Number of protein chains: 2
Amino acid sequence: MSPKITTELLKQLRQVMKSPKYVQEPVQAYIVPSGDAHQSEYIAPCDCRRAFISGFDGSAGTAIVTEQHAAMWTDGRYFLQAAHQMDNNWTLMKMGLKDTPTQEDWLVSVLPEGSKVGVDPFIIPADQWKRMSKALRSAGHNLVPVKENLIDTIWTDCPQRPCKPLITLDPSYTGVSWRDKIVALRSKMAERKVLWFVVTALDEVAWLFNLRGSDVEYNPVFFAYAVIGMNTIRLFIDGDRMMDPAVREHLQLDSTLEPEFKIQVMPYGSILSELQAVGAGLSPKEKVWLSDKASYALTEAIPKAYRYLTPYTPICIAKAVKNASETEGMRRAHIKDAVALCELFNWLEKEVVPKGTVTEIIAADKAEEFRSQQKDFVELSFATISSTGPNGAIIHYKPVPETNRTLSVNEIYLLDSGAQYKDGTTDVTRTMHFGIPSAYEKECFTYVLKGHIAVSAAIFPNGTKGHLLDSFARSALWDCGLDYLHGTGHGVGSFLNVHEGPCGISYKTFADEPLEAGMIVSDEPGYYEDGSFGVRIENVVLVIPAETKYNFKNRGSLTFEPLTLVPIQTKMIDVNLLTQKECNWVNDYHQKCREVIGAELERQGRHEALRWLIQETEPLIRVQ
Amino acid sequence: MSPKITTELLKQLRQVMKSPKYVQEPVQAYIVPSGDAHQSEYIAPCDCRRAFISGFDGSAGTAIVTEQHAAMWTDGRYFLQAAHQMDNNWTLMKMGLKDTPTQEDWLVSVLPEGSKVGVDPFIIPADQWKRMSKALRSAGHNLVPVKENLIDTIWTDCPQRPCKPLITLDPSYTGVSWRDKIVALRSKMAERKVLWFVVTALDEVAWLFNLRGSDVEYNPVFFAYAVIGMNTIRLFIDGDRMMDPAVREHLQLDSTLEPEFKIQVMPYGSILSELQAVGAGLSPKEKVWLSDKASYALTEAIPKAYRYLTPYTPICIAKAVKNASETEGMRRAHIKDAVALCELFNWLEKEVVPKGTVTEIIAADKAEEFRSQQKDFVELSFATISSTGPNGAIIHYKPVPETNRTLSVNEIYLLDSGAQYKDGTTDVTRTMHFGIPSAYEKECFTYVLKGHIAVSAAIFPNGTKGHLLDSFARSALWDCGLDYLHGTGHGVGSFLNVHEGPCGISYKTFADEPLEAGMIVSDEPGYYEDGSFGVRIENVVLVIPAETKYNFKNRGSLTFEPLTLVPIQTKMIDVNLLTQKECNWVNDYHQKCREVIGAELERQGRHEALRWLIQETEPLIRVQ
């Protein structure tokens with residue numbers, strides 16, 4: 001992977017930063033965040049402005065370009081990747097390390113007195129704007145909105161914004177009709193005494209209307225906003241897709257409906273002016289509810305006194321707690337996904353060990369092939385991380401021809417992959433060795449496994465926030481002086497984004513909502529040795545009520561049930577480092593894989609994969 | 001303990017809330033925080049305004065009185081105590097429980113439109129003012145400063161503000177002279193480009209000048225402020241105590257000194273006007289550093305543009321990391337303290353078991369008596385919690401004649417106590433049974449012990465914040481559906497406040513600073529069964545570097561060394577619930593108690609207590 005040469009681009013950007021055609025006054029710095037106008041984590045090609053200007057195309061990062069400098073902030077998952085993809089014009093700012101300055105502190109340290117810092121107001125979330133603006137102001141600078149996106153002005157071959165057909169989901173998948181979701185939302189609005197709710201996140205729009213799309217790769221969403229009033233529903237969406245009879249039927253666009261369920265379809269680009277009109281028409285005490293992560297542009301459309309901002313919207317919270325139909329769908333999706341992976345791993349063992357002709361890309365493609373054979377498969381849920389040896393230490397690695405290594409009997413192989421099925425979203429990581437792992441590799445793998453089990457088997461009171469569980473995943477690594485520089489888990493959508501809020505498991509104490517039964521998160525501790533190998537063990541787990549001996553203050557307890565049912569390679573386990581309880585956990589888990597996935601492999605007539613499954617789920621025996 | 005009758009007092013308070021003599025406009029609510037003008041946790045009798053108006057005298061709580069309601073917010077430690085001490089005029093707001101409203105939300109729900117909420121601006125910290133003011137404003141109300149404290153206007157027999165003699169500490173205790181502390185502080189000020197630093201917390205003033213006082217019971221502090229400039233030192237303090245030759249000599253008040261070390265002594269009451277004068281004389285870019293917990297009154301004295309506010313001051317952080325002299329002093333103090341407790345527990349066993357004449361108060365007094373026999377004993381570090389049976393479930397219980405129970409062979413006894421010695425501060429809890437504990441009592445005790453060990457033996461990377469360790473203390477309890485409603489640990493001062501920032505171990509993710517070697521915290525998980533018993537096991541522990549097999553990213557690791565060396569009653573332990581590692585921890589700990597405390601008991605000729613120590617530290621044997 002050779003870095004993108006950005007000298008010319010940066011020169012052009014610095015010119016438009018001073019051009020009266022685009023800015024009222026020159027800006028001395030320009031911020032290029034990761035996101036799109038919906039603060040999406042995964043974005044469409046037309047929104048990959050940060051990747052365009054820097055070359056770094058990981059999922060998280062913020063670029064800031066000043067007259068003299070160009071700097072990129074990203075987190076531990078991407079340190080190596082960003083360093084590879086960016087040329088010498090760029091300084092990498094490693095977030096999470098002690099000496100790395102914040103964006104604000106860095107700007108203050110490099111800017112000349114009284115500078116203007118520009119940003120696209122549609123791309124920056126209101127809460128970030130506020131923090132950044134305050135920090136800059138207190139140092140004598142100013143954050144200013146630049147209406148025209150300056151990257152777009154120099155991006156001559158920028159792709160079109162996608163506008164793909166929609167998929168309608170009936171209540172057998174979603175459990176609840178969109179009408180009932182609107183009713184529930186309005187009741188939350190009434191509780192908080194707000195008259196309007198603005199849906200800005202793409203997955204929230206999709207969830208609310210029981211629609212899916214494919215405007216953004218891996219995330220089954222479509223470009224749209226919605227504004228819900230107590231008696232009105234406005235959907236801002238472009239293209240012919242609203243002419244699709246199935247969509248019209250689903251949304252009852254042509255039916256005689258009670259007026260409060262009549263959906264008004266409006267152009268995507270009219271959201272700002274419509275919202276400004278809503279804002280202008282408010283009487284005192286009338287409030288408009290927005291996420292505090294909504295864009296600065298849309299937030300500013302509502303006068304400050306009328307805004308009701310919360311870190312998580314009622315849709316975000318309702319979406320996170322899966323109902324019975326969604327949970328059953330997620331179970332089905334994970335069974336199908338496990339079938340595909342058993343096929344893949346069986347195939348890999350047969351190909352890698354004797355032939356040595358399988359590359360990371362071939363393995364990733366094969367994984368997709370097996371997944372695509374399963375019912376209701378839609379697409380992958382993220383770019384497959386298929387990495388062997390040193391590539392495994394690049395946490396969010398994606399194999400490309402320049403980096404593509406061949407799997408061998410000498411190196412650890414890490415596969416982090418998942419898919420979108422119409423009934424659910426999967427995300428699973430397995431780390432394996434096709435030859436004989438070293439004692440050190442087994443030791444590290446076993447510490448990671450102990451952390452994985454510590455979270456998965458944890459019992460904790462109702463109302464516990466996920467971040468309180470993070471250290472359980474690290475304790476075995478910490479005991480030996482090891483650690484990993486990423487969080488332990490993220491929320492997972494139901495045939496929606498593979499990363500979703502408001503819950504997660506991380507040492508970062510973001511304002512996560514308490515875990516409750518029905519939420520679904522990943523459990524994925526790891527260990528990465530730069531230049532050598534990476535280990536990660538990831539299951540998607542469902543929060544379920546736990547039976548406990550006592551019940552303090554009648555609070556009730558919770559624990560996790562793994563939805564992912566794919567064997568964990570026992571060859572990699574140093575069984576003497578496990579406690580008897582941990583050993584039992586592995587054996588019980590493998591027994592369940594045998595029963596559930598074995599039955600499905602049998603049903604699908606996949607006998608070779610079944611043989612592989614049986615062989616891989618032999619019980620561990622711990623020598624006392 | 002019968003509740004305080006507050007009907008008449010509340011009537012009087014509601015009158016002055018409307019009296020033009022005290023308020024420009026009537027206030028519909030009046031907030032009575034816990035603290036004094038220094039935001040102290042422990043306060044002098046003249047500052048116990050919340051206890052005066054409500055009867056509830058725990059260390060944490062905020063009262064709010066409206067025209068119709070009177071409500072008290074406090075945390076899990078005090079639910080039972082507050083319920084006992086307050087009459088029916090008061091509603092108890094149990095902080096930390098799911099359905100308890102915040103003060104702001106509650107005010108908004110009960111206040112008539114456009115209300116004014118009053119508070120003494122010297123008593124409310126600036127950060128709380130800001131949050132409260134914003135929340136009230138957004139609901140159409142106003143937070144207003146009321147200069148005269150309204151409680152003081154109705155408190156006819158309010159005690160005088162204390163003004164006791166000072167103790168000077170030479171560098172053999174403090175490790176660093178006050179001049180060197182000023183030099184270090186000025187270098188931190190220069191780093192942050194601030195010209196002035198305002199010392200508002202009493203323990204910070206005491207630490208900075210290597211002085212101690214006794215204005216506040218249990219906390220060796222004195223009422224004072226300090227304002228440090230780059231070339232000036234102003235100490236705001238009242239009374240004859242600055243005439244004491246030892247103090248004058250210590251502060252070099254009569255010496256010919258470089259002007260930047262010359263201390264100007266000013267009246268305590270002149271801080272506001274002096275600070276306003278400083279504020280008025282500032283040029284652009286000149287900043288004044290204050291804690292964001294300083295009072296609203298003092299913070300407002302500095303115009304907003306000139307304020308530099310941080311959650312923790314450089315003094316707070318420097319004070320938390322103990323130097324070699326302080327650490328050695330803390331070790332000595334804990335050895336003496338353990339000697340006193342061995343004497344006490346030996347005495348209790350001889351008195352309680354055959355005679356049954358020892359009450360909670362007698363036991364507490366006896367503990368103080370044994371402590372006072374030790375060298376450099378000054379006073380207790382907090383009110384001794386001496387509680388038996390159901391009283392043990394009142395987390396911050398203090399025995400009074402009305403509640404005083406007699407220790408017996410049938411109930412669990414919990415003693416949480418500590419002392420101030422000139423060389424250090426102690427805080428230790430032991431829970432014991434003088435007869436035969438039930439299986440359930442032993443089970444609960446053992447879960448608490450497992451939690452205590454999990455924290456004490458934890459190894460974690462440099463830079464880890466204490467709150468990431470909190471769940472380790474709860475895991476064994478959680479597994480059985482149990483928990484406790486308080487944090488796991490707090491910072492401990494060095495012959496200073498027994499509770500100090502900026503580090504701690506708690507599920508509340510306050511902005512704690514990362515743990516570093518030299519910090520000292522408590523490790524005190526518990527379990528409380530209302531109406532039955534309480535269990536808590538508390539050691540004071542020192543953060544020390546840990547040796548680990550590997551060293552990820554060269555970050556280094558930390559762990560804890562217990563400074564408290566008092567036997568943990570093995571009779572209360574269900575050894576079959578311990579892992580072999582936990583069992584070894586207990587045996588190693590007891591071996592150290594024998595060696596270190598045994599030697600000191602021998603040296604002090606306390607042979608009976610030594611016999612008791614030997615008997616109590618017999619190794620546990622775990623049946624495999």
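Worth knowing before you read on, the calculation uses all heavy atoms, side chains too, and leaves out hydrogens, waters and symmetry mates. Proteins come first, then strands; the chains are lettered A, B, ... in the order of their sequence lines, and each starts at number 1. These numbers were taken from a predicted model, which means no experiment stands behind them.
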With distance as the sole criterion, is a donor-acceptor pair present between the side chains of A:Y550 and B:E443 under 3.5 Å? yes
Which answer fits B:D479, side chain, backbone, both or neither, if we ask what part of it has an atom under 4.5 Å from a heavy atom of chain A? both
Nearest-0.5 Å distance, NZ of residue B:K98 to CZ of residue A:R555: 11.5 Å
In this structure, OG1 of B:T464 is separated from CH2 of A:W478 (nearest 0.5 Å) by 4.5 Å
What part of A:K304 gets closer than 4.5 Å to chain B, counting heavy atoms only: side chain, backbone, both or neither? neither
Heavy atoms of other groups near A:E191 CD, more than 12 under 6.0 Å: yes
Please classify the contact of A:R137 with chain B as side chain, backbone, both or neither, using a heavy-atom distance under 4.5 Å. neither
Report the C-alpha distance between A:L468 and B:R474 in whole Å, list the side-chain angles of each, state the deciding distance to 0.1 Å, and finish with yes or no for side chain to side chain contact (heavy atoms under 4.5 Å, CB included). CA-CA 10 Å; A:L468 291 172; B:R474 298 176 200 273; over 6 Å; no
Tell me, side chain or backbone of B:Y528 under 4.5 Å from chain A's heavy atoms, or both, or neither? backbone
Please round to the nearest 0.5 Å and tell me the distance separating atom CD1 of B:I459 and atom SG of A:C480. 8.0 Å
Option that, when pairs with chain B are counted at under 4.5 Å, heavy atom only, ranks first among A:L477, A:D483, A:L97, A:N551: A:D483
Just how far is it from atom OH of A:Y308 to atom OG of B:S138, taken to the nearest 0.5 Å? 9.0 Å
With sequence neighbours left out, write down each residue that passes side-chain hydrogen bond (donor to acceptor under 3.5 Å, both in side chains) with B:D530, or none if nothing qualifies. A:K553
Pick one of side chain, backbone, both or neither for B:Y527, based on which atoms fall under 4.5 Å of a heavy atom in chain A. side chain
List the atom of A:G481, the atom of B:S557, and the distance in Å for their closest heavy-atom pair. CA-OG, 3.9 Å
Counting only non-hydrogen atoms closer than 4.5 Å, does A:K193 touch chain B with its backbone (N, CA, C, O), its side chain (CB onward), both, or neither? neither
Let's test your reading of the structure: which of B:E547, B:K549, B:E529 forms the most heavy-atom pairs below 4.5 Å with chain A? B:K549
